[in-house]
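Below, read A as the first sequence line, B as the second, and so on, with proteins coming before strands; counting in each chain starts at 1.
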2 protein chains.
Amino acid sequence: MDLQRFLPYRLAVLADAVSRAIADVYQQRFDLGRDEWRVLAALAQGPMKTADVIASTTLDKMQVSRAVARLEQHALIGRETDEADRRAHVLRLTPAGRALFRRIAPLAQAREAFLLEALDADERRVLDRALDKLRDRALLLERAG
Amino acid sequence: MDLQRFLPYRLAVLADAVSRAIADVYQQRFDLGRDEWRVLAALAQGPMKTADVIASTTLDKMQVSRAVARLEQHALIGRETDEADRRAHVLRLTPAGRALFRRIAPLAQAREAFLLEALDADERRVLDRALDKLRDRALLLERAG
DNA sequence: TATTGTTATACTCTATAACTATA
DNA sequence: TATAGTTATAGAGTATAACAATA
């Protein structure tokens, strides 16, 4: 067994390198943590409830709770009680939050584009499908224990 | 920008899920940490110096130092001073370490095989190349800052 | 009783750098 | 002076669970 060729190892190494390259944009330049960046990106799609943020970020409720608290302190998002269920909140970007997202997103997308330049159209298409298929199987493995 | 389709996010999510599925084997069942598992797998190729372990695991010198200390406490690896350079050490698996690796490796490889069953031969070939190409580019991005 | 979200706590990881011994 | 590896320390991230408010 060769660690260098072991798929889980290669995925971990690649994801780490890519994450560092992207984190450099939102962390060093804009003082956001990874979880805050994810919440910001999720809410850029439009206002949504905390539960929807959890579902669309793979963060858990504590991570979202803390990221939301910090983003709110910085006036990047706002929060209203959901009148239909007063335990829940609806989250939305403030104009400042939207402005920040609009500054970060192009930089992050430029880095993604740089990565993808390594691949031709056919390779991108296969990779796209492969990532989804592998994730489905990984979730099966996790559930099976 | 859609987070769900953003390559860095998808890689992070996939690598996390896969890592958890593999960690379940060496952690829960055999009480090894990720770094210890990597050092064990590296040394399964044969005895080598600490510096070579660092080069072949993407771990840094502290991570390797601690993993080595713990593996040595559990008598899974042995350590000799390199007589050519008495600052350096040569590390090698003990029989117990080799036996442990031989128990874990097939289980880990079975999980990798299960993941890869999702892909046909052509997809695997493309994925294999794509991961290497993307990693090369990610390292370029990191160095560029 | 169950669920949404918050808070507390302990634990692990990571990053930086100081340090020892050799070179 | 520089390098191999160790140790110290502080900060960040993670996991578990207890908790308050609402359903």
Polar-atom pairs under 3.5 Å, protein N or O versus N or O of nucleotides 12-22 of chain C: list them with distances, or write none.
unit_1, atom_1, unit_2, atom_2, d
C/dT14, OP2, B/Gln63, NE2, 3.2

In this structure, are over 12 heavy atoms from other groups packed under 6.0 Å from B/Arg29 atom CZ? yes
Is the backbone N or O of A/Leu7 less than 3.5 Å from a side-chain atom of B/Glu112, with the two atoms forming a donor-acceptor pair by type? yes
Would you confirm whether B/Thr94, through its side chain, and B/Gly78, through its main-chain N or O, come within 3.5 Å as a donor-acceptor pair? no
Return yes if some donor-acceptor pair links the side-chain N/O of B/Thr57 with the main-chain N/O of B/Val39 below 3.5 Å, else return no. no
If I compare all heavy atoms of A/Asp31 with all of A/Glu36, which pair ends up nearest, and what's the gap? O-OE1, 4.2 Å
Taking only heavy atoms on the protein side, list every residue of residues 37-49 of chain B lying under 4.0 Å from any atom of DNA chain D, sorted numerically. none
Is the ring pair B/Trp37/B/Phe101 parallel, tilted or perpendicular, if the boundaries are 30 and 60 degrees? parallel
Contact class for A/Ala69 (heavy atom, under 4.0 Å): base, sugar-phosphate, or nothing? nothing
Just checking, A/Arg137 and B/Phe114: is the charged tip under 6.0 Å from the six-membered ring centre and within 45° of the axis? yes
Indicate yes or no for a side-chain donor-acceptor contact from B/Thr81 to the backbone of B/Arg86 under 3.5 Å, with no hydrogens or angles considered. no
Quick one: CZ on B/Arg129 to CG on A/Leu127, what's the gap to the nearest 0.5 Å? 12.0 Å
Could you list where the contact with chain B starts and ends along DNA chain D, reading 5' to 3', using a 4.0 Å heavy-atom cut-off? D/dA2 to D/dT9
Could you tell me whether B/Arg34 sits above the aromatic face of B/Tyr26, with NZ or CZ closer than 6.0 angstrom to the six-membered ring centre and within 45 degrees of the axis? no
